[in-house]
Amino acid sequence: MESLPYLILLFIGYLVYTLDHHKEDLPVPSILVIIGIFLSFIPFFSGVAITADILYEIFLPALLFTGAYQFSPARLKKYAAGITILGTAGLAATIFLSGWAIYLIMQPFAAVPLLAAFLIAAILTPTDPVSVMQILSQDLNDELVTTIVEGESLLNDGTSVVAFAFLFSWYTGSTPGMMEGTVQFAVVSGGGILVGLAGGWLFSRAVHVTHERYYQIMLSIVVAYTVFYTAEFVQVSGVLAVVFAGLVLSSTFSRSAKERHFREALDGFWKVVEVSFLSILFLMIGIAASSYLFHEYWLLAAAIFVVLLALRTAVVSTCSAVLPPIESINWKEQLLISISGVKGVVSVYLILKLESLASAEMDILLSISFSAVILSLLLQSIAIHPAAIKLKKRNQPRTL
């Protein structure tokens with residue numbers, strides 16, 4: 001009977017996806033999170049728990065692999081500069097500026113150390129395209145905006161996890177110095193990318209030998225989780241390994257005469273996995289967050305949410321100034337890209353990592369972090385559709 005609550009969660013997800021005919025006005029993830037909060041008050045679901053390890057080792061590899069192998073290599077190549085700058089330098093700048101902003105905002109309320117503020121900034125920096133890509137695809141025929149939003153998310157999901165890991169180490173006193181930590185950051189990130197490239201290359205060779213689509217699906221499952229666990233075993237980034245394995249696979253498919261066959265085979269399985277996992281995950285996020293949402297710091301959380309959104313807009317604007325002409329982004333597109341940086345699964349995983357540090361200070365940080373994520377999932381997701389419609393009316397769309 002222990003699995004029954006999860007089966008019910010999956011059925012609830014099915015009902016929401018089926019009955020929500022206006023997903024652009026209130027995206028499914030937002031509805032699921034709200035339902036999850038209400039479910040937390042029902043004793044039957046008291047045993048439902050999501051831990052950082054379960055989310056990281058079971059859910060994330062599948063979700064990241066699905067997003068990466070479906071990503072268009074042609075669009076990735078065309079807009080590589082924008083994606084890379086926002087996912088690396090943009091992410092670093094956002095964490096740095098947000099960390100200082102959070103530190104200054106919180107001082108009148110709680111004496112939070114600067115390093116703890118940077119931890120919260122790292123938590124609230126990664127973006128999740130799950131709740132926004134469907135809206136953008138329906139509302140816009142603009143390949144630059146949709147590519148930047150999706151590509152940046154794939155990259156910064158990996159780099160933000162690595163950044164958080166080292167900030168977490170510095171916070172707990174595990175890393176001796178800044179220089180060594182910076183070198184380790186480069187090694188962990190670069191090592192994860194290399195493992196992913198190698199795993200993707202091996203899969204691209206093997207997939208041509210396997211003609212039955214069922215066996216190709218089996219192989220893709222093995223690859224998605226093997227590159228992740230291999231990278232983690234050698235102490236490099238498993239998240240970046242999965243992302244780059246999926247990107248190599250997508251590139252391989254695009255050069256093959258059997259691209260349609262390969263993609264149909266994998267899509268039939270991985271899209272079902274993606275929707276099923278996300279249904280359960282967002283409901284569980286609501287359940288997990290509920291105990292941290294009843295506090296006296298909502299005004300503080302709202303202020304942090306607004307300031308971080310403004311800082312993201314400033315970073316996107318600054319990064320766009322150094323892009324090549326083909327990737328030039330006007331101010332309306334910059335605003336839409338900024339609003340589309342909704343927080344999601346990766347942010348929740350990082351929050352759950354903080355639960356291991358039990359203290360009064362940490363309880364405040366957890367409450368504010370969960371509150372900011374909930375605000376992002378609700379307010380930003382709802383704002384995307386009207387913003388996209390307004391952009392579409394005022395600009396000639398860039399054809400996908």
Quiz item: Are the side chain of Glu232 and the backbone N or O of Gly238 linked by a donor-acceptor pair below 3.5 Å?
Solution: yes

Exercise. Kindly indicate, with the supporting measurements, whether the criterion side chain to side chain contact (heavy atoms under 4.5 Å, CB included) is fulfilled by Ser279 and Tyr14.
Key: CA-CA 8 Å; Ser279 296; Tyr14 158 76; over 6 Å; no

Exercise. Dump the intermediate steps for side chain to side chain contact (heavy atoms under 4.5 Å, CB included) on Thr313 and Gln334, then the final yes or no.
Key: CA-CA 7 Å; Thr313 304; Gln334 294 170 17; 5.8 Å; no

Quiz prompt | Residues Val346, Asp128; criterion side chain to side chain contact (heavy atoms under 4.5 Å, CB included); working and verdict | solution = CA-CA 8 Å; Val346 173; Asp128 190 340; over 6 Å; no

Quiz prompt | Donor-acceptor under 3.5 Å (Ser153 side chain, Val149 main chain) | solution = no

Quiz item: Going by heavy atoms in the side chains, are Leu60 and Phe228 under 4.5 Å from each other?
Solution: no

Quiz item: Within 45° of the six-membered ring axis of Phe203 and under 6.0 Å from that ring's centre, is NZ or CZ of Arg205 located there?
Solution: no

Quiz item: Out of curiosity, Ile285 CD1 to Ser347 OG, how far, rounded to the nearest 0.5 Å?
Solution: 9.0 Å

Quiz prompt | Donor-acceptor pair, side chain of Ser160 and main chain of Asn156, under 3.5 angstrom | solution = yes

Practice problem: Hey, could you give me the CG/CG distance between Leu202 and Leu249, rounded to the nearest 0.5 Å? | Solution: 12.0 Å

Quiz item: How far does CZ of Phe59 sit from CD1 of Ile50, to the nearest 0.5 angstrom?
Solution: 6.0 Å

Self-check item: Flag, side chain of Thr125 to backbone of Leu91, donor-acceptor distance under 3.5 Å
Solution: no

Practice problem: List the steps and the verdict of side chain to side chain contact (heavy atoms under 4.5 Å, CB included) for Gln235 and Val188. | Solution: CA-CA 7 Å; Gln235 298 184 340; Val188 170; over 6 Å; no

Quiz item: Between CD1 of Ile337 and OG1 of Thr146, what distance do you get to the nearest 0.5 Å?
Solution: 9.5 Å

Quiz item: From Ile374 CD1 over to Lys343 NZ, what is the distance, rounded to the nearest 0.5 angstrom?
Solution: 13.5 Å

Quiz item: Does the side chain of Ile35 come within less than 4.5 Å of Val16's, by heavy atoms?
Solution: yes

Self-check item: Side chains of Lys77 and Ser251 in contact at under 4.5 Å (non-hydrogen atoms)
Solution: no

Practice problem: Show your reasoning for whether ring pair (Phe, Tyr, Trp, His ring centres under 6.0 Å) applies to Tyr349 and Phe164. | Solution: CA-CA 11 Å; Tyr349 159 67; Phe164 174 87; 7.5 Å; no

Quiz item: According to the interplanar angle, ranging from 0 to 90°, do the rings of Trp100 and Phe118 count as parallel (below 30°), tilted (30 to 60°) or perpendicular (above 60°)?
Solution: perpendicular

Practice problem: Report yes or no: does Glu150 contribute a side-chain atom to a donor-acceptor pair with the main-chain N or O of Phe71 at less than 3.5 Å? | Solution: no

Quiz item: Where the side chain of Ser30 meets the backbone of Leu377, is there a donor-acceptor pair that is under 3.5 Å apart?
Solution: yes

Quiz item: Looking at side-chain heavy atoms only, is the closest gap between Leu76 and Leu247 below 4.5 Å?
Solution: yes

Quiz item: Quick one: are Thr127 and Arg312 in side-chain contact, heavy atoms under 4.5 Å?
Solution: yes

Quiz item: Do Ser220 and Trp270 have side-chain N/O donor and acceptor atoms under 3.5 Å apart?
Solution: yes

Exercise. If the plane angle is over 60° it's perpendicular, under 30° parallel, otherwise tilted; pick one for Phe294 and Phe41.
Key: perpendicular

Self-check item: Side-chain donor or acceptor of Tyr225 paired with backbone N/O of Ile58 under 3.5 Å
Solution: yes

Quiz prompt | Value rounded to 0.5 Å, distance of CG in Leu336 from CD1 in Ile148 | solution = 12.0 Å

Exercise. Apply the test ring pair (Phe, Tyr, Trp, His ring centres under 6.0 Å) to residues Phe65 and Tyr69: give CA-CA distance (whole Å), side-chain angles for both, the deciding distance (0.1 Å), then the verdict.
Key: CA-CA 6 Å; Phe65 180 77; Tyr69 93 79; 5.6 Å; yes

Exercise. Please name the residue in the list Ile54, Leu32, Val33, Leu63 that meets the side-chain contact (heavy atoms from CB on, under 4.5 Å) test with Leu281.
Key: Leu63

